[in-house]
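What follows is a short report on a single structure.
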Amino acid sequence: MNNQVHEIAANCDQLPQRFIRKRDEEYSNIATADASSPTNIPVIDVSLLASSDSELDKLKSAIINWGCFQAINHGIEASFLDKVREISKLFFNLPAEEKKKCLREEDDVEGYGNDMVFSDQQVLDWTDRLYIAVLPHDQQKLRFWPQNPAHFREVVDEYGSKIELMNEVVLKALARSLKLEENCFLDQYGTTSRLLARFNYYPPCPWSDKVLGLKPHSDGSAVTFLLQDKDVEGLQILKDGQWFGVPIVPNALTINVGDQMEIMSNGIFKSPIHRVLVNSKDQRVTVAMFCMPQTEKDIEPVDGLITDDMPRLYKNVTFSLEFYMKNYQHGTRSIDACKI
Ligand SMILES: O=C(O)CCC(=O)C(=O)O
Ligand SMILES: [Fe+2]
């Protein structure tokens, strides 16, 4: 097992080779949009999605053009989001020995740790993370759940229930925005959602221009709900051949579709490629909630989206986490393996 990035950051005076980005492998021809020009990632009022056709159109164009949006008026109290941020920071700022009680095991993707290493060439991400299954409840592996802070489990369970409800609202709205029956995406979920939480901790890095917090990737979820750090930005999204910074919008959740939504929508909704830059002075903590169908469920493009003009683009697939992770660490995209 590697040392955690937190310890490496605290103890080394030279950047270990394994973290140095290989720019020729990561979309090197892509420009970064001028940092001074504001990024117009659409802001969607979730409370209007059930009643307003214009908000629904805005949602559709946000997902088609950006693959993501900033969700406001989503019904989760700002004070509760602060609690989620608080337990995350409390955990990551515990002594290393305490955090290691939740350490990922050799062949498991869940737990506390850094990248799973599949090859010597793999460039490592400048991040430590805690990855846990939150729903369905009977799939929680409590040995990976922190006992400290003491209210961690209670807060995460409550957050999971709230995100599950919002996921239903978003999935129904996405279906209606395409003039489809509103349950057509939800029906592919099976009887319960699968919800994975990833708590991301990016320590400050003196060599911030040489590393990435997360390499370019798209998410393996159907929908991802990201709670950004309150103060420190870092997420960038790829659009029209340029990287755009995703600003912090107070009390918003940043929502993006993942590979499974790209498949279910037969490619109309594109799972956006994104990456994370790290900060030279400040730590950054984010919480990503990945919502997706049950593991054993096959997913496929919705019938209504397959026409003579728009042939079926993806096979029936079961999108396992292991399949996704292997592709990520090899720098390939799982979604490409799902294309017909
Ligand atoms: O930390 C972030 O801003 C993004 C995290 C992310 O992309 C992920 O966990 O998949
Ligand atoms: Fe992501």
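These numbers were taken from a predicted model, which means no experiment stands behind them. In what follows, every heavy atom counts, from backbone to side chain, and hydrogens, waters and symmetry copies are set aside.
To the nearest 0.5 Å, the span separating CD on Gln139 from NZ on Lys141 amounts to 9.0 Å. Atom CG of Asn256 and atom CD1 of Ile63 lie 8.0 Å apart (nearest 0.5 Å). Rounding to the nearest 0.5 Å gives a distance of 9.5 Å between CG of Leu49 and NZ of Lys58. The CH2 atom of Trp243 lies 4.5 Å from the CG atom of Leu238; values are rounded to the nearest 0.5 Å. In this structure, CG in Asn200 is found 11.0 Å from CG in Leu227, a value given to the nearest 0.5 Å. Glu164 contributes atom CD, which lies 4.0 Å from atom OG of Ser193 (distance to the nearest 0.5 angstrom).
Residues Phe92 and His6 keep their aromatic ring centres 6.0 Å or farther apart. You'll find the ring centres of Trp207 and Phe19 outside the 6.0 Å limit.
Transitive grouping of hydrophobic side chains (ILVMFWY, heavy atoms separated by less than 4.5 Å) brings Leu180 and Leu186 into a common cluster. No path of Ile, Leu, Val, Met, Phe, Trp and Tyr side chains, each step under 4.5 Å between heavy atoms, connects Val285 with Leu90, placing them in separate hydrophobic clusters. Cluster membership for Leu103 and Leu130, using ILVMFWY side-chain heavy atoms within less than 4.5 angstrom, is shared. Both Val170 and Ile64 belong to a common hydrophobic cluster when Ile, Leu, Val, Met, Phe, Trp and Tyr are linked at side-chain heavy-atom distances under 4.5 angstrom. Under the 4.5 Å side-chain heavy-atom criterion for ILVMFWY residues, no single connected hydrophobic cluster contains both Ile72 and Val223.
Judged by distance alone, the side chains of Asp219 and His274 do bring a donor and an acceptor atom under 3.5 Å apart. A donor-acceptor contact closer than 3.5 angstrom links the side chains of Ser47 and Asp45. If you check the side chains of Arg194 and Gln294, you find no donor sitting under 3.5 Å from an acceptor. Between the side chains of Asn279 and Glu233, no donor-acceptor pair is found at a separation under 3.5 Å. Looking at Gln4 and Tyr112, their side chains never bring a donor and an acceptor atom within 3.5 Å of each other. Counting only N and O atoms by type, the side chains of Asp229 and Thr286 include no donor and acceptor under 3.5 Å apart. Side-chain polar atoms of Gln147 and Arg153 form no donor-acceptor pair below 3.5 angstrom. A donor-acceptor contact under 3.5 angstrom links the side chains of Ser218 and Asp259, judged on distance only.
Between Met292 and Leu196 there is a side-chain heavy-atom pair separated by less than 4.5 Å. Counting heavy atoms from C-beta on, the side chains of Phe290 and Gln260 never come closer than 4.5 Å. Between Leu81 and Lys83 the shortest side-chain heavy-atom distance does not fall below 4.5 Å. Between Gln70 and Ile44 the shortest side-chain heavy-atom distance does not fall below 4.5 Å. The side-chain heavy atoms of Asn167 and Phe225, taken from C-beta on, include a pair separated by under 4.5 Å. Considering only heavy atoms from C-beta on, Gln140 comes within 4.5 Å of Asp157 through its side chain. Annotation: side chain of Val169 is in contact with side chain of Val46 (closest heavy-atom distance under 4.5 Å). For the pair Glu168 and Glu182, the minimum side-chain heavy-atom distance is 4.5 Å or more.
Considering all non-hydrogen atoms of both residues, Leu56 and Ala173 come closest at CD1-O, 3.6 Å. Minimum heavy-atom separation, Gly267 to Leu313: CA-CD1, 4.4 Å. Contact detail for Cys291 and Ser221: the closest heavy-atom pair is O-CB, 3.6 Å. Nearest approach of Trp126 to Pro203, heavy atoms of both residues: NE1-O, 2.9 Å. Smallest separation of non-hydrogen atoms from Tyr159 and Ile76: CE1-CD1, 4.1 Å. When all heavy atoms are compared, the tightest approach of Cys102 to Trp145 is SG-C, 4.0 Å.
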### Query
After noting the C-alpha distance and the side-chain angles of Asp82 and Arg85, does the key distance pass the salt bridge (Lys or Arg N to Asp or Glu O under 4.0 Å) rule?
CA-CA 5 Å; Asp82 282 343; Arg85 289 192 182 94; 3.1 Å; yes

### Message
Working note: Glu262 + Lys270, criterion salt bridge (Lys or Arg N to Asp or Glu O under 4.0 Å); need CA distance, chi angles, decisive distance, verdict.
### Response
CA-CA 5 Å; Glu262 180 166 331; Lys270 290 269 179 315; 5.1 Å; no

### Message
What verdict does the side-chain contact (heavy atoms from CB on, under 4.5 Å) test give for Ile268 and Lys60, after you've listed the backbone C-alpha separation in whole Å, the side-chain angles of each residue and the deciding distance to 0.1 Å?
### Response
CA-CA 10 Å; Ile268 294 180; Lys60 177 178 162 187; 6.0 Å; no

### Worked verdict on Asp53 versus Glu55 for side-chain contact (heavy atoms from CB on, under 4.5 Å)
CA-CA 5 Å; Asp53 284 346; Glu55 206 64 14; over 6 Å; no

### side-chain contact (heavy atoms from CB on, under 4.5 Å) assessment of Gln242 paired with Gln236
CA-CA 9 Å; Gln242 279 195 316; Gln236 292 188 323; over 6 Å; no

### Task
Carefully, step by step, assess Asp298 and Val317 under the rule side-chain contact (heavy atoms from CB on, under 4.5 Å).
CA-CA 5 Å; Asp298 251 24; Val317 288; 5.8 Å; no

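Phe152 and Phe199 have tilted rings, their planes meeting at an angle from 30° to 60° on a 0 to 90° scale.
In terms of the salt bridge (Lys or Arg N to Asp or Glu O under 4.0 Å) criterion, residue partners of Arg312 (sequence neighbours excluded) are, by chain and number, Glu300. Residues forming a salt bridge (Lys or Arg N to Asp or Glu O under 4.0 Å) with Lys162 (at least two apart in sequence, or on another chain): Glu158.
Judged by distance alone, the side chain of Asn93 and the main-chain N or O of Lys89 form a donor-acceptor pair under 3.5 Å. Side-chain atoms of His74 never come within 3.5 Å of backbone atoms of Ile163 as a donor-acceptor pair (strictly under, hydrogens ignored). Asp128 places no side-chain N or O within 3.5 Å of a backbone atom of Tyr202 that could act as its donor or acceptor partner. Side-chain atoms of Asp108 come within 3.5 Å of backbone N or O of Glu110 as a donor-acceptor pair. Without hydrogens or angle criteria, Asp125 side chain to Lys215 main chain gives a donor-acceptor distance under 3.5 Å. A distance-only check finds a donor-acceptor pair linking the side chain of Thr127 to the backbone of Tyr201 [under 3.5 Å].
Salt bridge status for Glu7 with Lys100: present, with a side-chain N to carboxylate O gap under 4.0 Å. Between Lys339 and Asp336 there is a salt bridge, since a side-chain N of the basic residue sits under 4.0 Å from a carboxylate O of the acidic one. Salt bridge status for Asp231 with Arg284: absent, with no side-chain N to carboxylate O gap under 4.0 Å. A salt bridge links Arg143 to Glu105: at least one charged side-chain nitrogen sits closer than 4.0 Å to a carboxylate oxygen.
Of the candidates Tyr314, Phe185, Phe269, Phe185 is the only one forming a side-chain contact (heavy atoms from CB on, under 4.5 Å) with Met264.
Around the CD atom of Glu98, the shell of radius 6.0 Å holds more than 12 heavy atoms that belong to other residues, nucleotides or ligands.
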